[in-house]
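Everything on this sheet refers to the single structure shown next.
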Amino acid sequence: MDKKQHWENVFANKKQNEVSWYEALPKTSIDLFESQNISKDSHVIDVGSGDSYFIDYLVNNGYKNVYALDISKNALDRLKERLGNKADQVNFIVSDILDLKITIQFDYWHDRAVFHFLTNMNDVAKYIAIANDSIAANGKLVIGTFAETGPMKCSGLGIKQYSKESLEKVFSGNFQKINCVNETHVTPFNTNQNFTFCSFKRPNHEKISI
């Protein structure tokens with residue numbers, strides 16, 4: 001089964017609170033976002049959005065250029081259904097992040113738990129190149145991954161764990177670190193998952209090759 005089919009099956013067969021990453025309130029993501037004073041007309045993308053409530057937060061707080069990207073159409077369909085009429089305020093993109101082709105420059109790029117699925121260094125380099133191409137000068141990049149004390153797998157798939165230092169190092173060639181925090185996520189099954197979140201700034205328009 002390829003990865004797209006894997007995620008289509010997950011979102012077709014599991015309820016919202018039957019997956020470990022469910023958050024009724026994505027507090028860490030919201031706190032990091034609010035600390036950056038992002039204007040309402042900024043272009044904001046949630047990479048691997050699924051049916052995340054981070055999108056609800058953005059829409060309910062008047063952000064006008066919101067993009068939800070996920071490899072799974074089923075995931076985004078669930079998000080659309082929950083948002084109802086407010087779904088018209090969101091741009092939905094069904095794509096693997098490594099296949100993203102878009103001319104928009106984003107002011108804020110948020111990724112909770114997609115990047116850590118990239119266990120091949122070529123894929124890591126491609127992701128960074130795509131982010132570098134797609135984020136505006138002085139734009140912000142937020143990456144959340146499983147920490148070194150977090151799980152080794154998610155949804156049956158292997159991941160790569162990151163500390164604050166290792167996550168900073170992998171992005172340091174193209175982005176300047178703003179800050180890093182640790183989070184303990186309590187799953188719907190009352191288990192703990194340790195996360196590392198780092199915020200970065202893209203300082204210029206230089207591009208790297210993929």
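Along the sequence shown, the residues carry numbers beginning at 1.
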Keeping Glu18 on the side-chain end and Lys15 on the backbone end, is there a donor-acceptor pair under 3.5 Å? yes

State, to 0.1 Å, how close Ala68 and Leu79 come at their nearest heavy-atom pair, and which atoms those are. CB-CD2, 4.1 Å

Give, for atom NZ of Lys140 and atom CD of Gln176, the distance between the pair rounded to the nearest 0.5 Å. 10.5 Å

Polar side-chain atom of Ser166 near backbone of Tyr162 as donor-acceptor pair, under 3.5 Å: no

For Ser42 and Val44, indicate whether the former's side chain and the latter's backbone hold a donor-acceptor pair under 3.5 Å. no

Quick one, Val142 and Asp111 - any side-chain contact, counting heavy atoms below 4.5 Å? no

Might you point out which heavy atoms bring Ser155 and Trp7 nearest each other, and give the distance in Å? CB-CH2, 3.6 Å

Within the 3.5 Å criterion, strictly below it, is a donor on Asn192 or Thr184 matched to an acceptor on the partner's side chain? no

Keeping Asp70 on the side-chain end and Ala75 on the backbone end, is there a donor-acceptor pair under 3.5 Å? no

Does Asp56 pair with Arg82 as a salt bridge, N-O distance under 4.0 Å? yes

Please report the shortest heavy-atom distance between Phe11 and Gly50, naming the atom on each side. CZ-CA, 4.1 Å

Using the side chain to side chain donor-acceptor pair (under 3.5 Å) rule, take Tyr63 and Asp41 through it: C-alpha gap first, then chi angles, then the decisive distance, then the call. CA-CA 6 Å; Tyr63 286 88; Asp41 59 352; over 6 Å; no

I need the minimum non-hydrogen distance between Ser72 and Glu8, along with the two atoms involved. OG-OE1, 2.9 Å

Can you check whether Leu32 reaches Thr28 side chain to side chain, under 4.5 Å on heavy atoms? yes

Do Ser52 and Ser49 get their side chains close enough for a donor-acceptor pair, meaning under 3.5 Å? no

According to the interplanar angle, ranging from 0 to 90°, do the rings of Phe54 and Tyr57 count as parallel (below 30°), tilted (30 to 60°) or perpendicular (above 60°)? parallel

Tell me whether Lys177 forms a cation-pi arrangement with Phe175, defined as NZ or CZ under 6.0 Å from the six-membered ring centre and within 45 degrees of its axis. no

Glu168 with Lys164: basic N within carboxylate O range, under 4.0 Å: no

Between Lys86 and Asn60: side-chain donor-acceptor atoms closer than 3.5 Å: yes

Students often mix this up, so state it plainly: with edges at 30° and 60°, are the rings of Phe171 and Phe200 parallel, tilted or perpendicular? tilted

Backbone N or O of His43 within a donor-acceptor pair of the Asp107 side chain at under 3.5 Å? yes

Strictly distance-based, threshold 3.5 Å: is any side-chain N or O of Arg202 a donor or acceptor partner for the main-chain N or O of Asn138? no

Taking Arg112 for the side chain and Trp21 for the main chain, is one N or O donor matched with an acceptor at less than 3.5 Å? yes

List, one per line, each side-chain donor-acceptor pair under 3.5 Å for residues 94-102, sequence neighbours excluded.
| unit_1 | atom_1 | unit_2 | atom_2 | d |
| --- | --- | --- | --- | --- |
| Asp96 | OD1 | Leu98 | N | 2.9 |
| Asp96 | OD2 | Lys3 | NZ | 2.7 |

Partner of Ser29 under side-chain hydrogen bond (donor to acceptor under 3.5 Å, both in side chains), chosen from His110, Glu34, Glu183: His110

Are side-chain heavy atoms of Glu23 and His185 found at a separation under 4.5 Å? yes

Compare every heavy atom of Ile159 with every heavy atom of Thr119, then report the nearest pair and how far apart it is. CG2-C, 3.7 Å

Within the 4.5 Å heavy-atom criterion, are Val124 and Val170 side-chain neighbours or not? yes

If every non-hydrogen atom of Pro151 is compared with every non-hydrogen atom of Gln193, which pair is closest and at what distance? CG-CG, 3.8 Å

Quick check: do Trp109 and Val47 have side-chain heavy atoms less than 4.5 Å from each other? yes

Under 3.5 Å donor-acceptor, Gln89 side chain and Asn65 backbone: no

